[in-house]
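So that the names make sense, note that chain A is the first sequence line, chain B the second, and so on, each numbered from 1.
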There are 4 protein chains.
Amino acid sequence: MVRDKDRTRARLFEVATELLGEQGFGSTTVDEIAVRAGVAKGTVYYHFGSKAELVTALIAEGLEPLAERMRAAVDGSSTAREALEALTYAELAFIQEHCAFTKLVVTELWREDRAWRDALELVRERIVTIIRQQLERGVEGGELRPDIDPQFAARALFVLTATAALDWLAFEPGRPINEVVGQIRRLTAMAVVQTV
Amino acid sequence: MVRDKDRTRARLFEVATELLGEQGFGSTTVDEIAVRAGVAKGTVYYHFGSKAELVTALIAEGLEPLAERMRAAVDGSSTAREALEALTYAELAFIQEHCAFTKLVVTELWREDRAWRDALELVRERIVTIIRQQLERGVEGGELRPDIDPQFAARALFVLTATAALDWLAFEPGRPINEVVGQIRRLTAMAVVQTV
Amino acid sequence: MVRDKDRTRARLFEVATELLGEQGFGSTTVDEIAVRAGVAKGTVYYHFGSKAELVTALIAEGLEPLAERMRAAVDGSSTAREALEALTYAELAFIQEHCAFTKLVVTELWREDRAWRDALELVRERIVTIIRQQLERGVEGGELRPDIDPQFAARALFVLTATAALDWLAFEPGRPINEVVGQIRRLTAMAVVQTV
Amino acid sequence: MVRDKDRTRARLFEVATELLGEQGFGSTTVDEIAVRAGVAKGTVYYHFGSKAELVTALIAEGLEPLAERMRAAVDGSSTAREALEALTYAELAFIQEHCAFTKLVVTELWREDRAWRDALELVRERIVTIIRQQLERGVEGGELRPDIDPQFAARALFVLTATAALDWLAFEPGRPINEVVGQIRRLTAMAVVQTV
DNA sequence: AATGAATGAGAATTCATTCAT
DNA sequence: CATGAATGAATTCTCATTCAT
């Protein structure tokens with residue numbers, strides 16, 4: 001039945017995300033994925049064609065939920081600054097829940113030869129656009145200084161948050177998420193004091 | 001001659017950095033490194049013992065120059081904010097010159113299962129400390145707001161700059177370095193306008 | 001309906017002949033056959049039981065029409081030499097229409113380790129017998145020199161014609177069939193000139 | 001040492017020819033080849049890169065000795081007809097000694113998609129040229145009838161002899177080679193009687 | 001009568017590493 | 001110092017076949 005097929009695929013996704021996130025692409029074998037998913041090795045190939053395609057699908061589909069959360073975060077905010085803080089929160093929360101997956105993504109983000117480079121770039125741009133729109137809104141509304149480059153800043157904020165989140169989870173996993181959000185807010189407004 | 005040995009070693013370093021940065025650890029073969037360096041495969045083993053040791057040495061020795069430059073940047077600055085800007089500049093300049101190497105480092109930064117984990121962590125902390133000291137100085141001297149966490153911010157600034165640099169080199173390599181420094185300064189002082 | 005079943009079977013035959021002829025047994029997958037025939041893979045097994053049985057059936061049934069045409073060619077001829085020429089024509093015409101199938105057959109003709117070995121040998125002998133009978137008639141009637149070995153010559157003529165046909169279709173497909181028949185006739189009478 | 005490498009390569013060639021000839025491409029594993037050659041599987045890849053390349057090399061280099069023998073046969077003959085008979089003899093003798101190899105070649109001769117198709121076509125044309133030149137000499141010298149197409153006839157003679165040889169070795173291996181040469185000569189002069 | 005998801009044994013291929021020279 | 005032929009364990013990938021629907 002179609003439902004069975006979908007379920008198997010979903011299970012493989014779940015398991016592959018775990019393993020690839022923990023160990024990276026090179027150290028994870030298709031065998032491991034199959035065993036942990038409780039299916040035969042051939043089944044992985046039946047569903048994804050190759051290990052590389054599995055990862056491509058993983059990245060493309062695994063990042064989509066983050067994009068959705070971020071869209072939702074924007075919808076629930078009135079000002080640009082509020083939206084940006086909500087975006088930071090959404091990203092941090094997502095990464096907290098999918099830490100291993102994020103490691104995988106960050107690890108592959110600047111790779112040049114991978115087949116899944118393009119898939120990643122695509123979703124990434126979708127997410128960066130969401131951030132950029134808020135930055136533009138903030139600049140237009142006078143909430144943010146006009147001399148920032150929204151595209152550059154959006155990319156930087158996205159990765160800043162992601163990598164800060166990874167450091168957070170690696171070094172101080174006990175720290176409450178809101179404190180981290182606060183730190184990032186302050187970091188991006190670091191010079192406030194001296195401008196008063 | 002000793003010189004020959006050193007030269008071979010240096011050549012292997014150079015080539016390995018390129019390849020590992022472009023393709024990652026798992027996708028780069030010792031064969032490739034040897035071929036591109038113009039030596040026999042055995043020579044790689046003669047010099048480094050194993051692929052993992054090669055990478056370990058690479059990271060440890062390759063990151064040290066960055067630490068040195070950053071120390072120099074601090075020495076040449078009077079205020080903390082000047083020092084932080086000089087540090088950003090130093091990091092960007094280094095990455096511009098060693099783009100592939102940076103990709104390798106960023107890629108390995110959150111991987112726990114690697115032989116060179118400790119070596120990487122060591123140099124990283126050395127560099128982060130340099131940044132943190134300036135942040136602390138800034139806070140103490142009233143140049144920076146007191147509610148930032150210097151350790152967290154130092155780590156975040158280091159990686160923010162690194163990843164922003166990679167995006168810069170990937171998407172807008174023609175952009176002058178000073179503009180990028182400026183963008184990062186503004187990004188970390190984004191809220192200035194509304195505080196006036 | 002029976003008609004449906006037959007039609008599916010016939011379609012599988014057609015498609016399998018094409019693919020097996022082009023790529024050989026080892027390089028043709030049951031998947032490919034099913035896809036090109038527009039049926040599910042299970043259907044191939046429903047109809048033929050296994051890949052090997054499919055090929056066995058293919059060879060046995062696919063070669064039978066050639067045997068029939070050759071019998072008909074003999075029936076329409078008065079002299080042995082006329083019959084031999086008609087046989088050549090019949091074989092060439094058949095191959096022209098079933099080029100891929102012929103490649104498959106020729107390819108398997110000297111392989112000993114195949115499941116369909118016997119089936120192939122059987123039809124082959126049937127065809128060779130038809131040719132041999134005409135050679136014997138020719139020898140007995142004084143039309144042909146008495147020192148040829150009819151069995152050897154019959155086998156050789158059969159394969160000679162088949163392989164010449166494949167070369168013809170591969171290198172000079174535009175050449176009219178009658179010219180090829182003529183060339184083969186002359187080839188098997190090459191010494192004529194000097195005996196005059 | 002280079003000699004060692006060459007020896008290993010030669011041994012692999014020998015063994016691969018045997019196995020591929022007996023079992024065909026699809027049924028012969030690289031493992032088998034390695035085991036029978038007494039080397040590790042990796043060694044096969046070290047020398048040939050892939051199974052397909054091994055076969056390509058095999059065909060290209062394995063057929064060369066036949067070409068050489070045929071050139072020698074021509075050199076030792078005065079008339080065209082004598083040369084043609086010597087060529088038949090040379091081909092038969094070669095095949096008798098390399099029966100399995102010939103099966104491999106014939107089996108692959110009309111395959112379309114193989115990488116080694118070209119390699120085979122190349123050597124084949126070299127051999128066919130040797131035959132064609134004698135046919136042309138025979139036609140020009142009036143030894144042979146002028147209305148044969150030398151290229152067509154050369155190709156046909158080459159394959160006729162090869163396939164006749166395979167039938168000979170399969171069905172009547174005890175028959176002396178000279179008798180087979182005679183049969184082929186008579187087959188290609190079959191019409192002699194009636195022209196008298 | 002047909003389907004197609006799942007299987008798993010088997011093959012091809014890769015590559016870090018060794019070692020004799 | 002350097003080499004590069006050889007290794008073989010580990011991995012990816014293939015595909016004929018099965019079976020529940």
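- One can place CG of C:D31 at 17 Å from P of F:dC13, the figure rounded to the nearest angstrom.
- Counting only Watson-Crick and G-U wobble pairs whose two key distances fall under 3.5 Å, DNA chain F forms stems of three or more stacked pairs at E:2-21 with F:2-21.
- B:T43 places no side-chain N or O within donor-acceptor distance of the main-chain N or O of B:V39, the cut-off being under 3.5 Å.
- A cation-pi geometry, defined here as NZ or CZ lying under 6.0 Å from the six-membered ring centre and within 45° of its normal, holds between C:K51 and C:F25.
- One can place CD1 of A:I33 at 18 Å from P of F:dA10, the figure rounded to the nearest angstrom.
- Within 4.0 Å of A:S27, counting heavy atoms only, lies no atom of the nucleic acid at all.
- A:F48 has its CZ atom 13 Å from the P atom of E:dA5, to the nearest Å.
- If C:K51 and A:K51 are placed on DNA chain F by their nearest nucleotide, the residue sitting closer to the 5' end is A:K51.
- In this structure, C:L12 places its CG atom 14 Å from P of E:dA1, rounding to the nearest Å.
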For B:E108 and B:R117: C-alpha separation, side-chain torsions, deciding distance, then whether side chain to side chain contact (heavy atoms under 4.5 Å, CB included) applies.
CA-CA 8 Å; B:E108 294 296 334; B:R117 182 64 221 239; over 6 Å; no

Listed pairs, N/O of protein and of nucleotides 6-8 of chain F, under 3.5 Å:
{"unit_1": "F:dA6", "atom_1": "OP1", "unit_2": "D:T8", "atom_2": "OG1", "d": "2.6"}
{"unit_1": "F:dA6", "atom_1": "OP2", "unit_2": "D:H47", "atom_2": "NE2", "d": "2.5"}
{"unit_1": "F:dT7", "atom_1": "OP2", "unit_2": "D:A40", "atom_2": "N", "d": "3.1"}
{"unit_1": "F:dT7", "atom_1": "OP2", "unit_2": "D:T43", "atom_2": "OG1", "d": "2.3"}
{"unit_1": "F:dG8", "atom_1": "N7", "unit_2": "D:G42", "atom_2": "N", "d": "3.4"}

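- Between the side chain of B:T107 and the main chain of A:T107, a donor-acceptor pair closer than 3.5 Å is present.
- Looking at D:R36, its side chain never comes within 3.5 Å of a backbone N or O of D:E18 through a donor-acceptor pair.
- What separates CG of A:L54 from C1' of F:dT12 is a distance of 13 Å, to the nearest Å.
- We find that CD of D:E53 is positioned 14 Å from C1' of E:dT14, with the value rounded to whole Å.
- The backbone N or O of A:H98 lies less than 3.5 Å from a partner atom in the side chain of A:T102, making a donor-acceptor pair.
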Atom pairs and distances, donor-acceptor, side-chain atoms in residues 54-65 of chain D, under 3.5 Å, two or more places apart:
{"unit_1": "D:T56", "atom_1": "OG1", "unit_2": "D:A52", "atom_2": "O", "d": "2.9"}
{"unit_1": "D:E61", "atom_1": "OE1", "unit_2": "D:R9", "atom_2": "NH2", "d": "3.3"}
{"unit_1": "D:E61", "atom_1": "OE2", "unit_2": "D:R9", "atom_2": "NH2", "d": "2.6"}
{"unit_1": "D:E64", "atom_1": "OE1", "unit_2": "D:R126", "atom_2": "NH2", "d": "2.6"}
{"unit_1": "D:E64", "atom_1": "OE2", "unit_2": "D:R71", "atom_2": "NH2", "d": "3.4"}

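- Aromatic pair A:F101/A:F13: ring centres not closer than 6.0 Å.
- Position along DNA chain F of the nearest nucleotide to C:G49 versus A:A52 favours A:A52 as the more 5'-ward residue.
- Of the listed nucleotides (F:dA16, F:dC13, E:dA11), F:dA16 has the atom at the smallest distance from the side chain of C:Y45.
- Taking all atoms of both residues into account, the shortest heavy-atom contact from C:I95 to C:A162 is CD1-CA, 3.5 Å.
- If you find the closest nucleotide of DNA chain E to B:V30 and to D:T29, the one lying nearer the 5' end belongs to D:T29.
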